[in-house]
Protein chains: 2
Amino acid sequence: MSKSYLDLINECDKFPYPQDDPAYYQQCIAKYHKFKISGCNAVLGYIPNKVVTKFPWPQECWSIDKAAQIVTLVTPPDATTATRSELLAHSLSIARKADVFDILRGWRDELYPIYGPGKELLASIERSGSALFGVVTYGVHMTAYVKDAKHGLQIWVPRRSRTKQTWPGMLDNTVAGGTSTGEVPFECLVREAMEEASLPEDVVRRHAKTVGCLTYVYVRDARAGGETGLLQPECEYIYDLELNPTVIPKPCDTEVEDFRLWTLDDVKVAMAKGEFKPNCAIVLIDFFVRHGIITPENEKDYLEIQARMHRRLELPTK
Amino acid sequence: MSKSYLDLINECDKFPYPQDDPAYYQQCIAKYHKFKISGCNAVLGYIPNKVVTKFPWPQECWSIDKAAQIVTLVTPPDATTATRSELLAHSLSIARKADVFDILRGWRDELYPIYGPGKELLASIERSGSALFGVVTYGVHMTAYVKDAKHGLQIWVPRRSRTKQTWPGMLDNTVAGGTSTGEVPFECLVREAMEEASLPEDVVRRHAKTVGCLTYVYVRDARAGGETGLLQPECEYIYDLELNPTVIPKPCDTEVEDFRLWTLDDVKVAMAKGEFKPNCAIVLIDFFVRHGIITPENEKDYLEIQARMHRRLELPTK
């Protein structure tokens, strides 16, 4: 079964929209508790009911309203970002020790930001725990490509290591990685480009182009590793890098098996076969739209694709 | 008062979102009747209550449900696209003869498409009447620019004729125009580029790049001419054209006063002063995002801007 571009979008922007079918949306959202932090009225994430039940919530800092389906981190009135982050870290490390959640076995010792409605940094949370709380996460994705008269535009495509916990063996974007608390997206890109693809810092700094961001609400399935049904609202900052044919990306850590230069036709076939990690497929769809490869004339779902890749998240964001 | 990019987005994507403040949204949407066509369950547009009251609806083909706030074009079960279009044309020409609406004084003799939920062409409607019904309309916008070592990137900016009925004297995109029923976006662009900017067909065909589409819900104010409060959900197909410095856009019809080559700084200043027509300002914002001029590092509303320019319209679209 060949996947259309809209099929690929549906696999990434997976959580339903309230307007499309209010009854179905209600049925889906009823499977989650809202995540809040005391002192802030906004919903900051969504925790699956089954996670709420299993989590060993330390009573001193959590309040659970089962009727309203709200889980609140209760903090002192004078709490700071640091206080809130410590309470989250404390709670997650208890859950980790109790080995309650598979996803925490991939503990990263890396902090992700949680923003409030005024874009203020409310707290940081251990990366591997962020999906349990369904908070918005941020990352960078770059497509490196080469243009020549013979092959036209070709894209550098890495294959993920077959031993990786998440999405083993699937195709990926040339460079991709998560943005930690305090990290500027472009600096994150420069770091990841070296760590994952051995791309020289000066090449990335001089030639990588900032071209937008994509937003969507993913729902984790088995291929992502760990618990399924976790909500992952994501924002990916997007970059293009036209490379000189002499610059060759190479694996640097163990995350990537190899890099190959693919023709557009080969990339399209692999996308249609579902060989790309879902959020990497939509980065390529955005690349195709911006480079005039997908056009209003050749793609029947042009409008829907564009809107769905730029979903307005109903949670505070950066 | 200098306008931020988000201010400019707010002036274009003006209709509120249900999620932001459900009570306020209800208050706003209550000022409209839904527009439907019999045989199709979807809402196709929104008609202001004051338009519903003033319109001389021919009784034989309209049913108005005041309680549910629905206006339905009643057509025979075997109605075709042509039948429905004729009924709309007939009704609008009655309103035009009665001179009930200012906006119909700008009658264009140009048909805009109305699509159903399966992307089927349900009917066509006279362009000047489309905003009365609040149906989705489609257009093309192109930014032509020149790059040189001395000035960097410069943009060709036209000023609208000061005698034009809509948005007189405001700044515009290099080329912009509406897409009629049956017209392919790229062919519309080629035609408008010649008509509005005297750009040679072969230059546009060879060098114009399809780079995406923008969607938003505008609410007409006095500057747009005609009735105020009309809802205009729009989709603009976007094109970039890098021009050789020897190719000079020139006015061809009476719509444009002149074209000038503006530096980025001058364009930014004019945007901040609100000198661009609102939907042209957002086309430039999208251009700035795709060309790395607006970045996650220099723009605090980066995510919101991107999502709002790609609004998922809650009406059937092409």
Side-chain angles (χ1 to χ4, degrees), chain A residues 13 17-20 22 43 115 117-119 136 138 140 179 184-189 207-216 233 235-240 286 288-318, chain B residues 13 17-20 22 43 115 117-119 136 138 140 179 184-189 207-216 233 235-240 286 288-318:
Chain A
D13 184 38
Y17 287 69
Q19 300 79 22
D20 287 349
V43 176
Y115 294 97
K119 300 184 194 294
V136 181
Y138 303 83
V140 296
T179 311
V184 169
F186 193 79
E187 298 305 318
C188 174
L189 178 77
H207 301 295
K209 276 183 62 183
T210 307
V211 291
C213 66
L214 304 182
T215 40
Y216 51 84
C235 165
E236 307 294 358
Y237 297 104
I238 305 298
Y239 302 85
D240 282 0
D286 170 63
F288 288 177
V289 167
R290 288 184 295 96
H291 287 262
I293 297 158
I294 294 179
T295 70
E297 284 81 18
N298 69 21
E299 174 51 50
K300 68 177 174 35
D301 301 309
Y302 197 75
L303 265 74
E304 173 78 355
I305 281 173
Q306 282 277 80
R308 295 281 298 283
M309 292 193 299
H310 298 97
R311 182 169 186 158
R312 190 156 175 262
L313 303 177
E314 288 167 33
L315 299 168
T317 57
K318 194 176 173 185
Chain B
D13 184 38
Y17 287 70
Q19 300 78 26
D20 287 349
V43 176
Y115 295 97
K119 298 183 197 292
V136 181
Y138 303 83
V140 296
T179 311
V184 169
F186 192 78
E187 298 304 319
C188 175
L189 178 77
H207 300 296
K209 275 182 61 182
T210 307
V211 292
C213 66
L214 305 180
T215 41
Y216 51 86
C235 165
E236 307 295 358
Y237 298 103
I238 305 299
Y239 302 84
D240 282 0
D286 170 65
F288 288 177
V289 167
R290 289 184 293 99
H291 287 261
I293 296 159
I294 294 179
T295 69
E297 285 81 18
N298 69 20
E299 174 50 51
K300 67 175 176 34
D301 301 309
Y302 197 75
L303 265 73
E304 175 75 355
I305 282 174
Q306 281 277 80
R308 295 280 298 282
M309 294 193 297
H310 298 97
R311 182 169 187 159
R312 189 155 175 263
L313 303 178
E314 288 166 32
L315 298 168
T317 57
K318 194 179 173 179

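Heavy atoms of B:F186 lying under 4.5 Å from chain A belong to its backbone as well as its side chain. Proximity to chain A is limited to the side chain of B:Y239, based on heavy atoms less than 4.5 angstrom apart. Contacts between B:Y138 and chain A at a heavy-atom distance below 4.5 Å involve the side chain alone, from C-beta outward. For a residue to count as touching a neighbouring chain, one of its non-hydrogen atoms must lie under 4.5 Å from one of that chain's; by this rule B:D20 touches chain A with the side chain only. Contact of B:C235 with chain A is made through the side chain alone, with heavy-atom distances under 4.5 Å. Interface residue A:R312: backbone and side-chain heavy atoms are both found under 4.5 Å from chain B.
Here the CD atom belonging to B:Q306 is positioned 8.0 Å from the OG1 atom belonging to A:T215, to the nearest 0.5 angstrom. Within the model, atoms CG of B:L303 and CG of A:L313 stand 7.0 Å from one another, a figure rounded to the nearest 0.5 Å. Distance check, rounded to the nearest 0.5 Å: CZ of A:R290 to CD1 of B:I238 gives 14.5 Å.
Panel note: side chain A:Y302, backbone B:G212; a donor-acceptor pair is recorded below 3.5 Å. Judged purely by atom type and a 3.5 angstrom limit, B:Q19 has no side-chain atom pairing as donor or acceptor with the backbone of A:E314.
Of the residues considered (B:P18, B:C213, B:P296), B:C213 shows the highest number of contacts with chain A, using heavy-atom pairs under 4.5 Å. Top candidate by heavy-atom pairs under 4.5 Å with chain A, chosen from B:K209, B:K119, B:R311, is B:K119.
Between A:H310 and B:H310, the ring planes are parallel. Angles under 30° get that label, and only those over 60° would be called perpendicular.
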